[in-house]
Amino acid sequence: AQSVTQPDIHITVSEGASLELRCNYSYGATPYLFWYVQSPGQGLQLLLKYFSGDTLVQGIKGFEAEFKRSQSSFNLRKPSVHWSDAAEYFCAVGALTTGTASKLTFGTGTRLQVTL
Amino acid sequence: DAGVIQSPRHEVTEMGQEVTLRCKPISGHDYLFWYRQTMMRGLELLIYFNNNVPIDDSGMPEDRFSAKMPNASFSTLKIQPSEPRDSAVYFCASSLGRYKNIQYFGAGTRLSVL
């Protein structure tokens with residue numbers, strides 16, 4: 001069974017500073033990997049995804065993530081954080097099941113706080 | 001598109017009462033997922049449907065929980081009878097299977113069982 005580990009429960013960064021959120025996954029085959037963001041009282045919004053190909057993927061809001069198979073990691077980065085980025089971030093791994101849909105397994109999330 | 005629509009946004013009920021949560025997926029999507037989010041257990045997949053048929057309900061916690069999808073544009077998650085430990089945020093998500101299952105989430109229903 002697949003699993004996702006987000007080792008950082010809570011991270012605080014200053015506005016304008018760079019950000020890296022860690023994600024490690026466990027999956028027996030080629031994973032499908034996702035980062036979602038959840039603002040308070042809101043649902044989850046997809047930031048970016050990795051299916052295959054280029055291991056550096058770009059997403060919305062200036063985020064990017066790099067898939068490193070050797071490290072089983074899919075870390076999320078942003079060069080300069082804005083106060084509006086304060087939210088909870090979830091990494092997820094998808095597994096092919098029946099048909100073409102996949103069951104997503106989510107990490108426990110990393111809460112990002114941005115100080116001004 | 002309006003996205004995935006869930007109702008109600010908030011539900012407060014008393015223990016023992018029946019609770020029904022509703023979801024309208026994105027038009028044309030053929031997969032629908034129900035998740036539960038709690039502080040203790042994070043996001044858990046409860047059940048998912050493909051073309052209105054339940055495919056995997058292994059995440060449904062117990063017989064008090066049931067889900068239906070009578071047509072492609074509507075699904076319900078019912079808890080009967082409800083218990084305080086069911087208090088959580090319940091999310092519905094939908095996806096178009098052939099595009100490698102990017103799941104689009106609704107805003108969730110926050111359920112409080114007193």
Side-chain angles (χ1 to χ4, degrees), chain A residues 1-10 23-25 27 29-53 57-60 65 67 87-111, chain B residues 2-10 21 23-26 29-60 69 88-110:
Chain A
Q2 67 265 33
S3 66
V4 177
T5 301
Q6 292 181 248
D8 304 306
I9 297 173
H10 187 201
C23 172
N24 292 96
Y25 68 90
Y27 183 57
T30 301
Y32 298 154
L33 294 160
F34 305 82
W35 275 100
Y36 282 85
V37 60
Q38 183 181 25
S39 298
Q42 300 299 313
L44 279 71
Q45 180 185 19
L46 180 69
L47 280 177
L48 47 77
K49 62 191 181 295
Y50 172 78
F51 291 148
S52 64
V57 294
Q58 303 295 322
I60 62 171
F67 170 60
E88 187 139 21
Y89 292 79
F90 293 91
C91 181
V93 62
L96 280 174
T97 56
T98 303
T100 57
S102 76
K103 296 169 64 171
L104 291 184
T105 299
F106 285 85
T108 50
T110 297
R111 182 168 297 278
Chain B
V4 176
I5 299 173
Q6 292 186 246
S7 64
R9 290 296 311 276
H10 303 275
L21 311 181
C23 175
K24 176 178 169 57
I26 293 173
H29 282 191
D30 54 351
Y31 284 84
L32 184 138
F33 305 81
W34 282 101
Y35 291 88
R36 179 173 67 176
Q37 184 180 41
T38 61
M39 290 292 291
M40 291 297 295
R41 301 174 66 91
L43 267 164
E44 304 173 276
L45 177 65
L46 299 178
I47 184 172
Y48 78 93
F49 296 82
N50 175 217
N51 291 323
N52 314 336
V53 176
I55 301 300
D56 185 345
D57 65 354
S58 59
M60 296 286 263
M69 192 164 186
V89 181
Y90 292 82
F91 288 103
C92 176
S94 70
S95 73
L96 185 57
R98 69 177 181 266
Y99 287 122
K100 293 185 176 178
N101 55 75
I102 297 171
Q103 294 184 21
Y104 296 88
F105 284 74
T109 295
R110 181 173 296 276

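Chain naming here is simple, since letters A, B, ... match the order of the sequence lines and numbering starts at 1 in each. Nothing here was measured: the structure is a model prediction, and the numbers come from that model.
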Report yes or no: does B:R110 contribute a side-chain atom to a donor-acceptor pair with the main-chain N or O of A:G41 at less than 3.5 Å?
-> no
Point-to-point distance, once rounded to the nearest 0.5 Å, from CZ of A:F34 to CD1 of B:I102 = 6.5 Å
Hey, could you give me the CE/OG1 distance between B:M39 and A:T108, rounded to the nearest 0.5 Å?
-> 10.5 Å
Can you say whether B:Q6 sits under 4.5 Å from chain A via the side chain, the backbone, both, or neither, judging by heavy atoms?
-> neither
Structural part of B:T109 lying under 4.5 Å from a heavy atom of chain A | neither
All pairs passing salt bridge (charged side-chain N to carboxylate O under 4.0 Å, His left out) where residues 42-55 of chain B contributes a residue, at least two apart = B:R36-B:E44, B:R41-B:E44
Take atom CD1 of A:I9 as the centre, draw a 6.0 Å sphere, and report whether it contains more than 12 heavy atoms from other residues, nucleotides or ligands.
-> no
Structural part of A:L44 lying under 4.5 Å from a heavy atom of chain B | both
For A:Y36 and B:Q103, the nearest pair of non-hydrogen atoms, with its separation, is OH-O, 2.8 Å
Write down the atom of A:Q38, the atom of B:F91, and the distance for their closest heavy-atom approach.
-> NE2-CZ, 3.2 Å
Determine whether A:L104 and B:Y35 make a side-chain contact, defined as any pair of heavy atoms from C-beta on separated by less than 4.5 Å.
-> yes
Those residues that, when tested against B:Y90, pass ring pair (Phe, Tyr, Trp, His ring centres under 6.0 Å) (two or more places apart) | none
